[in-house]
Protein chains: 4
Amino acid sequence: MRTSAGGTGRDGTRLRADARRNRELIIAAARELIAERGPDVPMEEIARAAGVGVGTLYRRFPDRESLLVAVAGDNYRRVAAEVRNFVREGHGAWHTLRSFLSHASDVRLSLRLAFFSERTFSMLKHDAEARRSRDELLATLERLVRDAQTEGSMRTDVGAGDVVVLIGLFFDPARRARLPLAVPDDRYLMLMFDALHSGNATPLPGPPLGTDVLVRQLATDDDASPTPQGEPSPDHRP
Amino acid sequence: MRTSAGGTGRDGTRLRADARRNRELIIAAARELIAERGPDVPMEEIARAAGVGVGTLYRRFPDRESLLVAVAGDNYRRVAAEVRNFVREGHGAWHTLRSFLSHASDVRLSLRLAFFSERTFSMLKHDAEARRSRDELLATLERLVRDAQTEGSMRTDVGAGDVVVLIGLFFDPARRARLPLAVPDDRYLMLMFDALHSGNATPLPGPPLGTDVLVRQLATDDDASPTPQGEPSPDHRP
Amino acid sequence: MRTSAGGTGRDGTRLRADARRNRELIIAAARELIAERGPDVPMEEIARAAGVGVGTLYRRFPDRESLLVAVAGDNYRRVAAEVRNFVREGHGAWHTLRSFLSHASDVRLSLRLAFFSERTFSMLKHDAEARRSRDELLATLERLVRDAQTEGSMRTDVGAGDVVVLIGLFFDPARRARLPLAVPDDRYLMLMFDALHSGNATPLPGPPLGTDVLVRQLATDDDASPTPQGEPSPDHRP
Amino acid sequence: MRTSAGGTGRDGTRLRADARRNRELIIAAARELIAERGPDVPMEEIARAAGVGVGTLYRRFPDRESLLVAVAGDNYRRVAAEVRNFVREGHGAWHTLRSFLSHASDVRLSLRLAFFSERTFSMLKHDAEARRSRDELLATLERLVRDAQTEGSMRTDVGAGDVVVLIGLFFDPARRARLPLAVPDDRYLMLMFDALHSGNATPLPGPPLGTDVLVRQLATDDDASPTPQGEPSPDHRP
DNA sequence: AATGAATGAGATTTCATTCAT
DNA sequence: TATGAATGAAATCTCATTCAT
């Protein structure tokens, strides 16, 4: 049984064991460096951190964008399980949402990665599994938001898309690195939650932003068909 | 008696008319491009946008940092008058603070510019007038925050420094440009205000952040006189 | 057992064959051009002369200084063997000294290269092998001078350091290139030797200049061990 | 009575008093800076040192070469009187030659300046007075050398041209600046004299080099007629 | 398949020289 | 006429990407 997770080449053929290992090393190094220094770190440094040559990196990922896509996809996968666990616990939607976004820095990275650039986003469409993971993540987020709103603990004029935007704006490591200040993430995360909590009556301009809007907004120019072609391996975990 | 605003060379001598005009064109172009694409836009593009040669740009500003400083300084000056007007109106501190930060996009740019890099910040110290403007801006912010807290409309576990950080994190045009979404600034500004409004009881980690902390944190190596006038951050805890 | 001469990267690892060849082409081109036009020839020209792109040059030598160091180091190595041969012959120290400096233009280039700039010199300290070669060269020079003085054929109020300075002043190709004259090196080399010959009684201001002085004068900031082996300048005053 | 000394424009018209003053300030500043840092000092620095704008400098001297020519010419004139004095004293030709070259740093600068570049040299041909001063200087040098040789104190296989070459090679301030060593000029000047002193029997390759050779060698490509055209003001000091 | 060398297109900065004020 | 501002052609160096080993 072939799992597709990060283990297939462009044409769907199985990668050699060492090749797959390199692929993973590269993605891990890239995630680290990107999280630390933003999406513009020199390719050579990523290669060095991964312990491979640039050539290898480029053989695996023909350009920077496709590496970003891979990192994003990988991250979604990493997050997928975590997501389910968080939800299972059942401490109330609002609390779950908070701890979900507070503790899982991978989640935050995931939410940011999809929106690094149009091309990153649009390429994501061609990796069916990553897209599926992403959609699961977004669906979970949607559900948590909806439940929290039903509970009455979250204001109803915001949507899951707003949460994604907030995360995307807030947690930019490049920006943070540039701020010559040691500001604690937590403090501003808390403020963000307070902003989202119900009891804040200021009416917001515009309707709640759903994640569907985010996704749709990016899927206009390219092909509209949901999963057009090049789905390397349709079979995935049950 | 003329003030020197924008019209003096490094040594304080008056610039020739055409030179001053170019200087202003450059700063305007730089502000525009920086606001649009962040502080790393090619110098050549800035020059082109200003309608001058690179050489001219470099004659006026020997390196990128000094251009950033100039843009920051200029922006502070542009903001200074506006600041006073806003305050004069007197519709209550909270309302004033909101409209102050909501309407003046220059204010937001100013608050961000000071913290682009340590060197930008530190060079700013040597431009007395820009520093004065900055300090006036920060002092105003401090006052508004304090008053709003006294009014009971703003939570007391945040400080003016927190506002600056939030602005700095939120309104990064480079980041925005990268987001392939047309997100309305207003919406998130509102959320930010709601986060800052009183009635949000979640205790924040850490003490309120004053602007003095921001300024002091960056002023270690150089001159010791922290903030010549415009006392930012008197005590304001409840 | 291979020596690493010219064939190792910065970290001592073996270079690939083609890289080593390029490295050598670059050094050769640089030596040529530097000898012809001084240490300021455009990097791009050096690259062109070597038949490579600038990028290659910069990959090998991250900046101009490090290229100069490499050329110096290489030159020392080239000279090292020659030095021993000259000395072996044994026609009397004075004669040896003369032919040593007369025939080997590489020797002269070497003696000049170490003193192009403080940074060149100081970086040289970190290339152990080049330093060893340099020290061997200087030690040989010291010995020849001392022996010639013992023989009675060389004035005793000069030292090997003086010889280096004279070479350094005389054989500046940039200077020569600028002189719109075809002056024969030999002629002035001969005059220099006559100046150094004994029987010239004019007392010189200052003590004989040893090469140790040259070396020490430049070795203040960095490591304290002055000259690992190849003892330049034992006492040699009459 | 119009004296031509530095006081005429390109077309021979008398310069306004302030213009002449500027011309002199520029030349003085240029001499200083050139002597200190070689013939490549930025034009703007020369202008600044002279207390004028670059525009003024360029109005006076259309390019760098012509400034060098002017500095050379001026220097010759400054030296001319000195030359006569030195000779008048009459302490023996050898002694005179030594003190002549030892004490008058202007003399040394003059001897170097003529040979900075072909164009410098060739342009000199168009400034009749400077050429005359130069020729006087060279003639004096020739005479001193000849007399010293007649006295028996100077070797006869060298000529005044050799002396010029030696000076030209030795006293390059740019070179000296680069040497990270404080070497005393005197010491090497003394050595040079010892080289030139009789009693040094090593036969030199080639014939004595006369200054005529220097001059002739540079006058081939251009026009051969001694003072072709454009002698701005033939009348000069009686 | 892996490596890392080579490439060349920018980006920054300097400075000789021209030109508007 | 004096000024110094404007220009643009180098020169240095970096890095994404391609290609030989």
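Just so it is clear, the values below take in all heavy atoms, side chains as well, and ignore hydrogens, waters and symmetry mates. Throughout, a chain's letter reflects where its sequence line sits, starting with A, and its residues are numbered from 1.
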Any [X] side-chain N or O less than 4.0 Å from OP1/OP2 of [N]:
X	N	result
A:Asn22	E:dA1	no
D:Arg60	F:dA2	yes
A:Arg64	F:dA16	yes
B:Tyr58	E:dT14	no

Nearest whole Å is fine: how far is [N] [atom2] from [X] [atom1]?
X	N	atom1	atom2	result
A:Glu45	F:dT14	CD	P	12 Å
A:Glu65	F:dA16	CD	P	12 Å
B:Asp40	F:dC15	CG	C1'	15 Å
A:Arg48	E:dA5	CZ	C1'	14 Å
C:Leu67	F:dA11	CG	P	16 Å
D:Leu57	E:dC19	CG	P	17 Å
B:Asp18	E:dT18	CG	P	19 Å
B:Met43	F:dT12	CE	P	20 Å

Rounded to the nearest 0.5 Å, how far apart are [atom1] of [X] and [atom2] of [Y]?
X	Y	atom1	atom2	value
D:Ile34	D:Asp40	CD1	CG	9.5 Å
A:Leu25	A:Arg23	CG	CZ	12.0 Å
B:Met43	B:Ile26	CE	CD1	9.0 Å
C:Asn75	C:Leu68	CG	CG	11.5 Å
B:Glu24	B:Arg60	CD	CZ	11.5 Å

_Those residues of residues 49-56 of chain B lying under 4.0 Å from DNA chain F by at least one heavy atom_ =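 B:Val52, B:Gly53, B:Gly55, B:Thr56, in order of number.
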*Dot-bracket for DNA chain E, 5' to 3', with Watson-Crick and G-U pairs under 3.5 Å, [ ] for crossing pairs and | for other-strand pairs: what is it?*
.||||||||||||||||||||
*With D:Ile46 as reference, evaluate D:Val71, D:Val52, D:Leu57 under the side chain to side chain contact (heavy atoms under 4.5 Å, CB included) test and give the passing residue.*
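The option that passes is D:Leu57.
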*Report yes or no: does C:Arg64 contribute a side-chain atom to a donor-acceptor pair with the main-chain N or O of C:Val41 at less than 3.5 Å?*
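Judged by distance alone, yes, a pair lies under 3.5 Å.
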*Choosing from E:dA5, E:dA16, E:dT12, which nucleotide comes nearest the side chain of B:Glu44?*
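Comparing E:dA5, E:dA16, E:dT12 against the side chain of B:Glu44, the answer is E:dT12.
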*Nearest non-hydrogen partners of A:Ile27 and A:Ala70, listed with the distance*: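 Heavy atoms of A:Ile27 and A:Ala70 come nearest at CD1-CB, 4.0 Å.
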*Which heavy atom of B:Pro42 sits nearest a heavy atom of B:Arg37, and at what distance?*
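Nearest pair, atom of B:Pro42 first, then B:Arg37: CD-NH2, 4.1 Å.
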